[in-house]
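Take a look at the structure set out below.
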Amino acid sequence: MTEMPSIRQTMLVGRHRLANLGDQAMHECLILLQSITQKTKAKLLAFDEELLTVEQYQHFIQLVERRAAGEPSAYIIEEKEFWSLPLKVTADVLIPRGDTELLVETALTVLANKQQPKILDLGTGSGCIALALASELPQAQITACDRSPACLSIAHENAKNLGLNNISWHESDWFSALPVRPYDLIVSNPPYIAVDDPNLAASVAEYEPIHALIAQDQGLADLNKIIQRAGDYLLDTGHLILEHGWQQATQVQSALQQQGFNAIETRTDLQGHERVSMAQYDPQTR
Ligand SMILES: C[S@@+](CC[C@H](N)C(=O)[O-])C[C@H]1O[C@@H](n2cnc3c(N)ncnc32)[C@H](O)[C@@H]1O
């Protein structure tokens with residue numbers, strides 16, 4: 001194209017190219033155009049007769065081709081919103097999922113009456129859970145860890161961009177390199193997909209970091225490691241909240257019970273799947 005194309009024409013070209021995404025195509029095109037024009041979605045839609053430069057149009061076509069090849073939009077534009085916070089994401093970190101906001105909501109309920117809670121986020125990835133909690137609880141002292149230095153670097157950058165400085169970041173294989181300090185709350189969204197899970201979407205397996213997704217023992221190995229050690233790092237009556245696979249609630253509940261947790265409760269995600277389990281530590285029953 002050598003003439004200046006309008007936003008409307010450009011959107012039509014993009015939607016046509018991404019037609020296999022169905023209703024999602026329009027949303028994806030808007031995300032890509034937003035990142036190129038720095039206009040809000042509302043402005044792009046309300047003033048769609050406005051013209052783009054040829055460079056902007058060509059850039060859009062390049063991004064649409066990447067999306068058509070299967071790359072997630074969040075990696076293409078290097079951004080994903082979580083808990084209304086704009087987070088940088090690269091292929092080193094898992095793209096934060098809407099379902100994980102349930103874990104944040106549950107954590108805020110548990111901490112409702114704590115003045116200066118001490119929180120530990122295991123396997124922080126982009127930092128999404130720790131950052132969401134830090135944004136809601138400025139008085140909290142948050143520790144976050146990941147085994148991957150690349151993840152920690154992104155998480156740290158996100159904290160800096162958001163001006164959230166009540167989090168300390170640690171490179172650690174779960175608890176191994178963490179300061180032994182009793183926490184009011186431990187949260188984690190660990191890898192929980194079984195190695196041979198047929199439901200693991202090809203696009204996820206191809207683009208997202210495998211170390212963030214897969215766990216041994218039908219996906220339960222990391223959940224079990226965390227449950228086994230969490231009591232040593234929790235205050236008496238402290239809480240543990242875990243995200244897990246939608247068919248893993250029973251095994252997670254039973255592991256929690258065996259390790260001295262009670263008040264075990266599982267919550268369902270937006271699709272009605274059992275997704276997050278919470279429990280309270282009681283050393284007397286361990
Ligand atoms: C499912 S991702 C979750 C990331 C982020 N918390 C979120 O909710 O989007 C799991 C994270 O755990 C980290 N991880 C995997 N094994 C680990 C281990 N042994 N110790 C610490 N972190 C680990 C991965 O690098 C990854 O960032």
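Whatever order the structure lists ligands and atoms in, that order sets their numbers, starting from 1.
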Whether the side chain of [X] engages the backbone of [Y] through a donor-acceptor N/O pair (distance < 3.5 Å, no angle test) should be reported.
X	Y	value
Asp217	Gly219	no
Arg97	Ile95	yes
Gln9	Ser6	yes
Ser35	Leu32	yes

Contact with ligand 1 for Asp222, non-hydrogen, under 4.0 angstrom: no
Contact with ligand 1 for Ala130, non-hydrogen, under 4.0 angstrom: no
Residue [X] vicinity, atoms of ligand 1 by number, heavy atom under 4.0 Å:
X	value
Thr100	8 (O)
Ile129	6 (N), 8 (O)
Asp173	18 (C), 19 (N), 20 (N)

Arg17 bridged to Glu65 by N-O distance under 4.0 Å: yes
Asp121 N/O to ligand 1 N/O under 3.5 Å: no
Suppose we measure from [atom] to each protein heavy atom; which comes out shortest, and what is that distance?
atom	result
atom 15 (C) of ligand 1	His211 O, 3.5 Å
atom 27 (O) of ligand 1	Asp146 OD2, 2.6 Å
atom 21 (C) of ligand 1	Ser172 O, 3.1 Å
atom 10 (C) of ligand 1	Asn189 O, 3.3 Å
atom 2 (S) of ligand 1	Ala212 O, 3.4 Å
atom 9 (O) of ligand 1	Cys128 SG, 3.4 Å
atom 6 (N) of ligand 1	Gly123 O, 2.8 Å
atom 18 (C) of ligand 1	Trp174 CE2, 3.4 Å

Under 3.5 Å side-chain donor-acceptor pair for Trp174 and Asp222: yes
Distance-only side-chain donor-acceptor flag, Gln248 / Tyr192, under 3.5 Å: no
Partners passing ring-ring contact (aromatic ring centres under 6.0 Å, His included) against Tyr281 (at least two apart in sequence or in another chain): Phe261
Enclosure of Glu136 CD (heavy-atom neighbours >12, cutoff 6.0 Å): yes
